[in-house]
Amino acid sequence: MGLDKVDPVSVKGVQVSPRDVVAACLPDPAFLGDAMHGSTCAGLWVTGLGKDTEPREVYLYHVVDNEDTMREYGAQCVVWQTAINPVVALELLANGTWSGAGVLGPESFDAVPFLDLLAGEYGSPWE
């Protein structure tokens with residue numbers, strides 16, 4: 001339908017962007033948290049070779065309930081799930097569990113302390 005287009009179209013002589021009209025009609029997501037029910041699941045399917053050099057694939061996922069995050073943190077589950085990972089990473093950097101020089105991505109560090117802290121102190125188990 002082209003509702004995601006940013007190029008203006010003429011509506012009764014007025015130039016408007018379809019995307020801007022849709023955005024103006026939708027509720028502000030910042031105020032939907034209390035009305036949302038259910039959980040979100042973020043996952044990653046990893047494929048490659050195991051330590052035994054045999055093909056291996058695994059699905060890692062993390063489920064968060066919206067009512068829990070709204071009650072405990074005042075944030076929607078998707079927002080909380082996005083924000084918690086850098087918070088945990090920064091804590092590991094701050095306490096010296098993770099360290100290094102140069103530009104290092106998260107995969108450069110041992111995952112176990114991250115996963116332990118996420119499930120333990122932050123009460124957010126993973127599978």
Side-chain angles (χ1 to χ4, degrees):
M1 293 177 48
L3 295 176
D4 61 339
K5 291 183 180 178
V6 295
D7 296 329
V9 296
S10 181
V11 177
K12 297 183 180 181
V14 177
Q15 295 293 313
V16 296
S17 161
R19 184 183 69 181
D20 291 347
V21 172
V22 170
C25 293
L26 292 173
D28 184 342
F31 299 101
L32 292 177
D34 289 328
M36 294 170 46
H37 303 282
S39 298
T40 184
C41 177
L44 176 68
W45 181 21
V46 181
T47 62
L49 300 177
K51 290 181 181 180
D52 60 0
T53 70
E54 292 297 314
R56 180 167 185 217
E57 57 188 72
V58 96
Y59 183 68
L60 305 172
Y61 64 91
H62 184 243
V63 177
V64 179
D65 182 79
N66 189 72
E67 291 179 47
D68 290 345
T69 60
M70 286 301 298
R71 181 180 57 257
E72 293 180 39
Y73 303 98
Q76 298 171 22
C77 57
V78 173
V79 171
W80 185 88
Q81 195 173 50
T82 302
I84 193 62
N85 295 298
V87 168
V88 172
L90 286 171
E91 184 171 333
L92 294 171
L93 289 168
N95 70 23
T97 301
W98 283 357
S99 64
V103 178
L104 302 171
E107 64 278 357
S108 300
F109 301 104
D110 182 9
V112 173
F114 180 93
L115 296 171
D116 287 347
L117 190 57
L118 183 66
E121 186 174 326
Y122 289 93
S124 191
W126 52 274
E127 299 283 336

Nearest heavy atoms of [X] and [Y], plus distance in Å:
{"X": "A75", "Y": "T69", "result": "O-OG1, 2.8 Å"}
{"X": "D7", "Y": "P18", "result": "O-CD, 3.4 Å"}
{"X": "S39", "Y": "V63", "result": "CB-CG1, 3.8 Å"}
{"X": "D65", "Y": "G38", "result": "OD1-O, 3.4 Å"}
{"X": "A42", "Y": "Q81", "result": "CB-OE1, 3.5 Å"}

Is any side-chain heavy atom of [X] less than 4.5 Å from a side-chain heavy atom of [Y]?
{"X": "H62", "Y": "S124", "value": "yes"}
{"X": "E121", "Y": "E91", "value": "yes"}
{"X": "S10", "Y": "Q15", "value": "yes"}
{"X": "P113", "Y": "T97", "value": "yes"}

Given D34 and M70, is the side-chain contact (heavy atoms from CB on, under 4.5 Å) satisfied, shown in steps? CA-CA 7 Å; D34 289 328; M70 286 301 298; 3.1 Å; yes
Against F114, only a single residue in V112, D116, D110, L118 fulfils side-chain contact (heavy atoms from CB on, under 4.5 Å); can you say which?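 Looking at V112, D116, D110, L118, the match for F114 under the side-chain contact (heavy atoms from CB on, under 4.5 Å) is L118.
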When you look at K5 and S17, which way does the side-chain contact (heavy atoms from CB on, under 4.5 Å) test go after all the steps? CA-CA 7 Å; K5 291 183 180 178; S17 161; over 6 Å; no
Same apolar cluster (I L V M F W Y, side chains within < 4.5 Å links), [X]/[Y]:
{"X": "Y122", "Y": "F109", "value": "yes"}
{"X": "V21", "Y": "L26", "value": "no"}
{"X": "L115", "Y": "I84", "value": "yes"}
{"X": "L90", "Y": "L92", "value": "yes"}
{"X": "Y61", "Y": "L117", "value": "no"}

Ring centroid separation Y59 to W45 under 6.0 Å: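 They do not qualify: ring centres at least 6.0 Å apart.
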Starting at SG of C77, measure out to NE2 of H37 and round the result to the nearest 0.5 Å.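 Going from the SG atom of C77 to the NE2 atom of H37 covers 11.5 Å.
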T40 OG1 to W80 CH2 distance, which is reported to the nearest 0.5 Å: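 T40 OG1 to W80 CH2: 11.5 Å, rounded to 0.5 Å.
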Using atom types as modelled and distance alone, determine if a side-chain donor or acceptor of [X] lies under 3.5 Å from a backbone N or O of [Y].
{"X": "S108", "Y": "L104", "value": "no"}
{"X": "Q76", "Y": "P29", "value": "yes"}
{"X": "N66", "Y": "M36", "value": "yes"}

